[in-house]
Amino acid sequence: MITGGAGFIGSHVVRLFVNKYPDYRIVNLDKLTYAGNLANLRDVEDRPNYRFVRMDICDFEGVLALMKEERIDGIIHLAAESHVDRSIKDPFTFAQTNVMGTLSLLQAAREVWNGEWKGKRFYHISTDEVYGALEMDGSLFTEETRYQPHSPYSAAKASSDHFVRAFHDTYGLPTIVTNCSNNYGPYQFPEKLIPLFINNIRHRRSLPVYGKGENVRDWLYVEDHARAIDTIFHNGRTGETYNIGGFNEWKNIDLVKLLVDTTDRLLGRAPGEDRDLITFVTDRAGHDLRYAIDSTKLRDELGWEPSLQFEEGIEKTVRWYLDNQDWLDNVTSGDYMKYYEQMYGGR
Ligand code: NAD
Ligand code: DAU
């Protein structure tokens, strides 16, 4: 069972598993919030080894029944509220889904598996934001870095990580937690920096850079994250935490310039023509200065490494959004919400 499979990262994980493991039955459990979009999965929706179930992870009884019905033996849990800016405006929803929803899944897994842990796995997907912020001093987040979340989003994710570990330590539930850096690539909701800015450049709208654009993020191509999840789900050690990242730090302003130049070039505009769109705006409250992940443990233990150079990944990503303008337009207009209705009769 993959939760949050209609979202950005989840859809890449679902696609990878459905294609790579024809003998598995993949159940995608997703509530279809604003961030869930079944159009992300059109290419796999008719596969015999795939089933979509619209459900809220907080619906404990529903999850319990589905786990029994489908005889679920592995959970990859991605469902969450994921956008920091939204968490600043509405922290309740973040606590509800990210904390209570995770607890509901843990409790359902505990009840259904009932101490028969062999061949079972509860894999929780988390974020590097739980570690707080780094100074501009070359330091990195390791698996031993203490938790110091700052935003309501990261506080809720941190809490869910603690619940997952508590279920391992208290009940013996076979869990794994991974903390990943910023993902980018196709199918990301255009509220996040990269797709938002590509879309704005396309329409020649302003590019609102928070503060002075000095904040640093560590970017990883989403398919590399999905490959890491596959590797860890199958070969990771129970009870462990693994950091996932690409050793790929970028200052926001430098990334935005790269985005403008790449998008302009691919649109046949003069290079850098749209740099004038960059507008410095009021900073995000509590804006973490720098994230940077040390993923040495994952490389040394399980041999995973990112496959794409950043410039190559950005070019591929910009090209995807420009080639899939209908996907972007469907999302920005809200039309994508009607897809479920057409397919399944009601959203
Ligand atoms: P997303 O917002 O694109 O997708 C979230 C998905 O979860 C959506 O399909 C949504 O419908 C579903 N969902 C939300 N609430 C739900 C609920 N109550 N019940 C069932 N489904 C629900 O998120 P994303 O960027 O793909 O992130 C996926 C996971 O990875 C999250 O747990 C996030 O914290 C984590 N993560 C994200 C990044 C990143 O850069 N995007 C990096 C590290 C970790
Ligand atoms: O580090 C992992 C996290 O990365 C994930 O856990 C989150 O789910 C994911 O949303 C992402 O969080 P960020 O806050 O880092 O991503 P976002 O794309 O919102 O912002 C990236 C950087 O760009 C951040 O420093 C804020 C800045 N920014 C963002 C937006 C949307 C701007 O300057 N302007 C903007 O309009």
Side-chain angles (χ1 to χ4, degrees), residues 2-14 28-38 40-41 53-59 62-63 76-88 93-94 96-98 100-102 104-105 124-131 133 141 149 151 153-154 156-157 160-161 178-185 187-197 200 206-220 222 225-226 229 243-245 250-253 255-256 278-284 286-293 340:
I2 297 173
T3 72
F8 166 47
I9 302 172
S11 64
H12 288 275
V13 178
V14 167
N28 172 11
L29 184 163
D30 197 297
K31 182 182 177 181
L32 298 182
T33 66
Y34 80 93
N37 184 355
L38 288 176
N40 297 356
L41 289 165
V53 176
R54 189 180 190 199
M55 192 180 284
D56 188 333
I57 54 169
C58 300
D59 173 4
V63 173
I76 303 180
H77 173 37
L78 296 110
E81 289 292 337
S82 68
H83 191 40
V84 174
D85 293 328
R86 285 181 191 257
S87 82
I88 294 168
T93 311
F94 282 71
Q96 179 64 20
T97 288
N98 299 2
M100 294 308 289
T102 301
S104 149
L105 288 173
H124 177 60
I125 306 297
S126 192
T127 169
D128 59 0
E129 300 201 11
V130 298
Y131 297 127
F141 295 135
S151 72
Y153 162 67
S154 53
K157 289 296 288 188
S160 65
D161 293 9
T178 56
N179 299 86
C180 187
S181 62
N182 285 64
N183 285 216
Y184 71 99
Y187 301 113
Q188 186 167 31
F189 197 85
E191 62 187 349
K192 310 281 165 55
L193 180 78
I194 289 181
L196 174 72
F197 279 27
N200 283 9
S206 80
L207 307 174
V209 175
Y210 299 159
K212 296 192 175 111
E214 295 289 313
N215 303 65
V216 170
R217 295 292 181 264
D218 182 357
W219 294 93
L220 181 68
V222 63
H225 188 189
I229 290 172
N243 279 351
I244 309 175
W250 279 74
K251 223 178 238 189
N252 287 344
I253 188 64
L255 165 59
V256 169
I278 296 172
T279 312
F280 294 96
V281 300
T282 309
D283 209 354
R284 173 186 279 174
H287 197 173
D288 287 333
L289 180 62
R290 175 173 164 259
Y291 303 144
I293 276 277
Y340 181 82

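Indexing begins at 1, ligand by ligand and atom by atom, following the structure's order. We're numbering straight along the sequence, starting at 1.
- Residue-ligand proximity, Val209 to ligand 2, at heavy-atom distances under 4.0 Å covers atoms 33 (O).
- Inclusion of Asp128 in the set of residues having an N or O under 3.5 Å from an N or O of ligand 2 is warranted.
- Taking only nitrogen or oxygen atoms, main chain and side chain alike, Glu129 reaches within less than 3.5 Å of ligand 2.
- In Met100, the CE atom is not crowded: 12 or fewer heavy atoms of neighbouring residues, nucleotides or ligands sit closer than 6.0 Å.
- Every atom of ligand 2 is numbered from 1 in the order shown, and the set under 4.0 Å from a heavy atom of Thr127 is 1 (O), 2 (C), 3 (C), 5 (C), 6 (O).
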- Task: Decide side-chain hydrogen bond (donor to acceptor under 3.5 Å, both in side chains) for Tyr184 and Arg217; before the verdict, give the C-alpha distance in whole Å, the side-chain angles of both, and the deciding distance to 0.1 Å.
- Result: CA-CA 11 Å; Tyr184 71 99; Arg217 295 292 181 264; over 6 Å; no

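- Counting protein heavy atoms only, atom 4 (O) of ligand 2 is closest to Asn182 ND2, 3.1 Å.
- Protein residues are said to neighbour a ligand when one of their heavy atoms lies under 4.0 Å from it; for ligand 1 these are Gly4, Ala6, Gly7, Phe8, Ile9, Asp30, Lys31, Leu32, Thr33, Ala35, Gly36, Met55, Asp56, Ile57, Leu78, Ala79, Ala80, Ser82, Thr97, Ile125, Ser126, Thr127, Tyr153, Lys157, Cys180, Ser181, Asn182, Asn183.
- Classification of the Tyr153-Phe94 ring pair by plane angle, with boundaries at 30° and 60°, yields perpendicular.
- With respect to atom 5 (C) of ligand 2, the closest heavy atom belonging to the protein is Tyr153 OH, 3.6 Å.
- Distance check: Ile244 CD1 to Ile229 CD1 gives 6.0 Å after rounding to the nearest 0.5 Å.
- Side chain of Asn183 to backbone of Val222: no donor-acceptor contact under 3.5 angstrom is found.
- Although no hydrogens or angles enter the test, the distance criterion places no donor-acceptor pair under 3.5 Å between the side chain of Asp283 and the main chain of Val281.
- If you check which protein heavy atom lies closest to atom 19 (O) of ligand 2, you get Arg284 NH2, 3.0 Å.
- Interface atoms of ligand 2 facing His287, defined by a heavy-atom separation under 4.0 Å, are 24 (C), 25 (O), 26 (C).
- Without hydrogens or angle criteria, Ser104 side chain to Ile57 main chain gives a donor-acceptor distance under 3.5 Å.
- For atom 23 (O) of ligand 2, the closest heavy atom belonging to the protein is Asn252 ND2, 3.5 Å.
- No N or O atom of Asn215 sits closer than 3.5 Å to an N or O atom of ligand 2.
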- Message: Please determine whether side-chain contact (heavy atoms from CB on, under 4.5 Å) holds for the pair Lys192 and Phe8, giving the CA-CA distance in whole Å, both sets of side-chain angles, and the decisive distance to 0.1 Å.
- Response: CA-CA 11 Å; Lys192 310 281 165 55; Phe8 166 47; over 6 Å; no

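- Ranking the protein heavy atoms by distance from atom 9 (C) of ligand 2 puts Ser82 O, 3.9 Å first.
- The backbone N or O of Glu81 lies less than 3.5 Å from a partner atom in the side chain of Asn98, making a donor-acceptor pair.
- Atom OG of Ser154 sits about 11.5 Å away from atom CG of Asn179, to the nearest 0.5 Å.
- For atom 18 (O) of ligand 2, the closest heavy atom belonging to the protein is Leu193 N, 2.9 Å.
- Where the criterion is an N or O separation shorter than 3.5 Å, residue side chain and backbone included, Leu196 fails it with respect to ligand 2.
- Rounding to the nearest 0.5 angstrom, the gap separating the OG1 atom in Thr127 from the CG atom in Asp161 is 8.5 Å.
- For atom 36 (O) of ligand 2, the nearest non-hydrogen atom of the protein is Pro208 O, 3.4 Å.
- Under a 3.5 Å cut-off, the side chain of Asn28 and the backbone N or O of Gly5 do form a donor-acceptor pair.
- Of the N or O atoms in Cys180, none lie within a sub-3.5 Å distance of an N or O in ligand 2.
- Atom 33 (O) of ligand 2 has its closest protein heavy atom at Tyr210 N, 2.8 Å.
- Residue Lys157 places no heavy atom under 4.0 Å from ligand 2.
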